[in-house]
Structures are given as C-alpha cells and as structure tokens.
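Just so you know, ligand 1 is whichever comes first in the structure, and atom 1 is the first atom listed for that ligand.
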Amino acid sequence: MLDVAGFDLNAIDSAFIEAPYTTLAELRRSSPVHRNPDGSVYLTRHDDCLATYRSRDMLSDKAEAFGAKFGECPLKVHHTTSLIFNDPPYHTVVRKLIAEAFTPRKLAEMERLIERIVNRLLDRVEDLGELDLIADFAMMLPTEIISFMLGVPEAYRAKLRGYSIAILGALDPVVPQARMEAGNRAVEEFGAILSDLIDHRRCNPDAAGEGEVLEALIFGEYNGRRLTQEELVQNCIFLLNAGHETTTSLVGNAIATFLDHPDQHRRLLDDPSLIGTAVEECLRFESPLQIGNRLAGEEIVLPSGMTLPKGTYIHTSIAGANRDPAVFDDPDRFDIARKPNPHIAFITGIHVCLGASLARMEGKIALGRFFERFPKLAADGPRERLGLARFRGYTSLPIRVR
Ligand code: HEM
C-alpha cells in the first residue's frame, strides 16, 4: 500500500505529475484532509471540496500568499489583479462585466463561428494526415475564439500558448527560478501588447466586432465603477489564458484518453449522440485544471468531520474529487455514457467558471466533428506532457488520421 503520511504537495515530483491518481486515491482513503508541512491542507474528497467551494467564508484573495511566493514583480501584479484571485466587491465588478460576453444570445452567435473554424481546421488535418494534435488542432480553436473575443490580431496569436504556460506555470506548487523569470517576462510582454490594444479600442469603439468582450470591459460599468487600465490589462491576460489553455487541454486530453480506450472510441463512433456525455466524462476523467485554492476566512467544518480553523490555506484536489468512489461508480473507468456525472471540473460557488458553456460547446463541436470525419485514429509517436501539477495537458500529441 502506498504510504502518503509524508506526502507534501509543495514538494511533488514529475512522477506525481505524470500519474497522480493512485496517490490521490490513497490520500482520499487514508488522509482526506491532508496536512502539508507548511500547515496548508489538501482536500481530495468530493464533498469536502464542494463544501469549500460553496462556502461564502472561503476566500480567493491571494495578496498575502502571492506576496510571499512572488515578491514584488509583474507576476504578483498580474495574479493579484485578475478576478479569479479576488473576493467581492472587486470580484463582482469584473465578473459582471465579463459575464456580458456569455449570455445565451452571444453563445448562440459563437456556435456558428466555432463550426466555421472547426471545419476549416479539419480540412487542414485532412491535408496533413499526420499531425501534432495539440499544435495543429486542439490549440487553434480556443486561441481563435478567445482572441476574437478580446480583439487580439492574428499576428499575436501564435505567442499566446507560450505566454499562458509561462504565466499559469508560476501557479504550480513547485516553481523553478527559470520558470518564475519566464512568467515575469511573459506578463510584461503580453501586458504591453494588450495595453496597446486597449488604447486602440478606446479610440476606435466602433471597430469592435460582434461578440467582442473587450469593448464591454473597457466601457462597461458596474455600480458606477469602471476598470482601470491596469485592471483591464491584467484581466484580459487572465481571460486569454483561461479561455484557451484549459480548452486546449480538454480537447488534447480527450483524444489521448480515446487513444488509450479504443472500446470507448468505437462506442462513440457507433453512437455519435453520446458526444455530450463523452465531453463531460473527459472533463471528469482528466480535468484540465486539477488543483484550486481557498483561504478559510472563518472556521469551516468539513463534511468528512474535520474542522479547519480560520486562516487555514486550503488546496482543493479537483482531480481527486472527480475520482471519488463515494460519488462515481468505478471512478477509474472511462465511461462516455456516465450519467449522472457531477464532476467539478468547472468548480461551483461564486467563482464557478464563466466560460463553462463556451468550453463545453467548443469541446462538443471540435471532438464531435473530428470523430465524424476521422474515424481512424492512431498514435504516431510519444506524447509530451505539460509538466505542471495544476494544469493537466500535453504540449505534443502526435497522431495519424488515415
Ligand atoms: C475546459 C475548459 C475550462 C475549464 C476546465 C475551466 C475551469 C475553471 C475553473 C476550475 C475555474 C475556477 C477557479 C477557482 O476559482 O478556483 C474557472 C474560472 C474561470 N474561468 Fe474557466 N475553465 C475552462 C474554460 C474557460 C473558458 C473558455 C473561459 C473564457 C472564455 C473561462 C473563463 C473563466 C473565468 C473568467 C473564470 C473566473 C471566474 C471567477 O473568478 O469568478 N474558462 N475556470
């Protein structure tokens, strides 16, 4: 039996990143509210994570934690200004402004755009025959969509994944110095590009395309409050990262999982109407975002019986919760018809993912059309994993489609 008594989330290695689920299962069984040496706790049960996300007393503000982690630098400014790491009232202002872009009407318009982009990308996949699924397909759709929403011109799009991995990589529990420096450089460069785009849109509001969120962020007001230039820049960086990195991994992880489960691949080809539940199962089975954090603003009594005092720093294992046998039958089985499937890949509570409907739509169209056109899917070389614990995905996934 795996011994997890000495497990330290702040000292995890590449073996954990490669294959976290056995360790998570043992933590969930024998140490579900696991105390790390720095005093923080790591929750791996579904009900404990859910209770944490649902409580209004659990805070997302990371000014103190990121001050200690980053010191004064662009990464600290970025992460402490983006809505995800803030509480109301600032969080509410930014969230309301961004939410304008995700109304059902806007999403319906997005659907047509997604279909067009996917069809075009699949024509290219057909021409290529052998390709890197990440670079040649998975990354392209979410990058185009979120760039369109933020008015980012095509010339900059190729740089987006590099920026986002550098910036999001700095959130991992263990961050080497070189990654910290790359993250700081990325915030500076990306910030300068976005600041210019914002200035340009401020002077040319009429040039905004239908469905563009940038305009709503610049000119929108909530409770008489507009965003400052710094708040705009940092929240645009966040949105660009949130909008494409996780969705790239949804599509990449899904194709990798189907390659590993040919029976489920066959099942989907035989019954394409399973695409909706298949996307949910992919989100559960290989959640693109695996770890969240909250600070206990008040004492919390967890469903598993443990009481955490005010001031406790909490890591929630989304990946652990999504494989909890108390909620999911045979949780390590990939079952594309699983129902119900109350996974928390998008979490819940006041920070529930604003892009969940968009991500689901992108996933369904991208994967559904892909399998329709290319039923013959095969691996074409070794995969390269994105070496992060918080974000689960691949940097390269060579495949053949004929
Ligand atoms: C499969 C794809 C995605 C996954 C798995 C995902 C997951 C998540 C999760 C877990 C959170 C909550 C983090 C926390 O508070 O601890 C979150 C927040 C957020 N996501 Fe997503 N996301 C995805 C796609 C998207 C897309 C496509 C967009 C936008 C275009 C987006 C925009 C946001 C925003 C704005 C927040 C912050 C919400 C807030 O703090 O109130 N996400 N996402």
Side-chain angles (χ1 to χ4, degrees), residues 43 49-50 52-55 58-62 65 79-102 106-107 110 113-114 138-139 141-150 152 160 164 168 171 211-214 216-217 234-254 279-295 314-319 321-322 343-367 390-393:
L43 307 182
C49 290
L50 214 59
T52 303
Y53 282 128
R54 283 187 176 147
S55 165
M58 298 302 111
L59 307 175
S60 286
D61 187 298
K62 300 284 185 300
H79 287 304
T80 55
T81 311
S82 70
L83 83 157
I84 200 167
F85 296 129
N86 277 279
D87 301 311
Y90 173 68
H91 166 260
T92 318
V93 175
V94 186
R95 188 167 170 108
K96 292 273 182 200
L97 295 178
I98 296 178
E100 296 277 305
F102 296 97
K106 295 229 162 109
L107 282 174
M110 250 351 151
L113 180 64
I114 295 171
M139 197 173 82
L141 171 68
T143 302
E144 274 206 39
I145 293 291
I146 195 66
S147 299
F148 164 79
M149 292 175 91
L150 285 166
V152 175
L160 287 189
S164 82
L168 298 175
L171 295 174
E212 192 191 278
V213 63
L214 184 61
L217 284 173
Q234 303 306 341
N235 281 289
C236 285
I237 292 182
F238 168 74
L239 256 180
L240 279 159
N241 291 343
H244 89 276
E245 179 51 37
T246 42
T247 313
T248 299
S249 295
L250 163 60
V251 175
N253 294 350
V279 167
E280 296 306 311
E281 182 67 345
C282 292
L283 284 161
R284 181 191 76 85
F285 198 74
E286 287 280 42
S287 304
L289 183 50
Q290 301 240 313
I291 304 172
N293 295 101
R294 292 295 183 266
L295 177 71
I314 301 171
H315 306 269
T316 45
S317 174
I318 295 172
N322 285 345
H343 67 76
I344 55 164
F346 296 115
I347 72 149
T348 184
I350 67 163
H351 289 272
V352 63
C353 176
L354 258 172
S357 304
L358 176 64
R360 285 182 158 118
M361 191 189 284
E362 289 185 51
K364 269 201 279 204
I365 298 174
L367 293 165
R390 193 173 293 271
F391 294 89
R392 188 159 183 80

**Prompt:** Is there a side-chain contact between Leu239 and Ser82 (heavy atoms, below 4.5 Å)?
**Reply:** no
**Item:** Closest protein heavy atom (residue, atom, distance) for atom 7 (C) of ligand 1
**Value:** Ala345 O, 3.6 Å
**Asked** Of Arg392, His91, His244, which has the heavy atom at the shortest distance from atom 41 (O) of ligand 1?
**Response** His91
**Request:** Ignoring hydrogens, just give me the one of Phe102, Phe85, Phe238 whose non-hydrogen atom is nearest atom 36 (C) of ligand 1.
**Result:** Phe238
**Request:** State whether the shortest distance between N or O atoms of Thr247 and N or O atoms of ligand 1 falls below 3.5 angstrom.
**Result:** no
**Distance from atom 38 (C) of ligand 1 to nearest protein heavy atom, with residue and atom** = Arg95 NH1, 3.3 Å
**Request:** Nearest 0.5 Å please: distance from the SG atom of Cys282 over to the CG atom of Leu367.
**Result:** 6.5 Å
**Minimum-distance protein heavy atom relative to atom 13 (C) of ligand 1** = Ile84 CD1, 3.5 Å
**Request:** Find the distance between OG1 (Thr80) and OH (Tyr90) and round it off to the nearest 0.5 Å.
**Result:** 9.0 Å
**Prompt:** Can you tell if the side chain of His343 reaches within under 4.5 Å of the side chain of Ser287, non-hydrogen atoms only?
**Reply:** no
**Distance filter under 4.0 Å to Ile347 heavy atoms, resulting ligand 1 atoms** = 10 (C), 12 (C), 14 (C), 15 (O)
**Message:** Distance alone, cut at 3.5 Å: any donor-acceptor contact between the side chains of Arg390 and Asn293?
**Reply:** yes
**Prompt:** Does any N/O atom on His351 come nearer than 3.5 Å to any N/O atom on ligand 1?
**Reply:** yes
**Prompt:** Side chains of Ile344 and Leu50: does their closest heavy-atom pair fall under 4.5 Å?
**Reply:** yes
**Asked** Counting heavy atoms not belonging to Lys96, are there more than 12 under 6.0 Å from its NZ?
**Response** no
**Ligand-side contact atoms (ligand 1) for residue partner Ile350, heavy atom cut-off under 4.0 Å** = 41 (O)
**Prompt:** Run the side chain to side chain contact (heavy atoms under 4.5 Å, CB included) check on Arg294 and Ser60 step by step: do they pass?
**Reply:** CA-CA 5 Å; Arg294 292 295 183 266; Ser60 286; 3.4 Å; yes
**Request:** For residues Arg54 and Thr348, determine if any side-chain heavy atom of one lies less than 4.5 Å from a side-chain heavy atom of the other.
**Result:** yes
**Item:** Under the ring-ring contact (aromatic ring centres under 6.0 Å, His included) test, residues paired with Tyr53 that sit two or more places apart
**Value:** none
**Prompt:** What's the shortest distance from atom 15 (O) of ligand 1 to any protein heavy atom, and which residue and atom give it?
**Reply:** Arg294 NH2, 3.0 Å
**Message:** Which residue is it: Glu286, Glu281, Glu280? I am looking for the one with a salt bridge (Lys or Arg N to Asp or Glu O under 4.0 Å) to Arg284.
**Reply:** Glu281
**Request:** Return the set of protein N, O or S atoms whose distance to atom 21 (Fe) of ligand 1 is under 2.8 Å, each given as residue and atom.
**Result:** Cys353 SG
**Message:** Could you tell me, atom by atom, which parts of ligand 1 come under 4.0 Å of a heavy atom of Leu358?
**Reply:** 30 (C)
**Asked** How are the rings of His351 and His91 set relative to one another: parallel (under 30°), tilted (30 to 60°) or perpendicular (over 60°)?
**Response** tilted
**Request:** State the atoms of ligand 1, each with its element, that fall below the 4.0 Å cut-off from a heavy-atom position in Ile146.
**Result:** 30 (C)
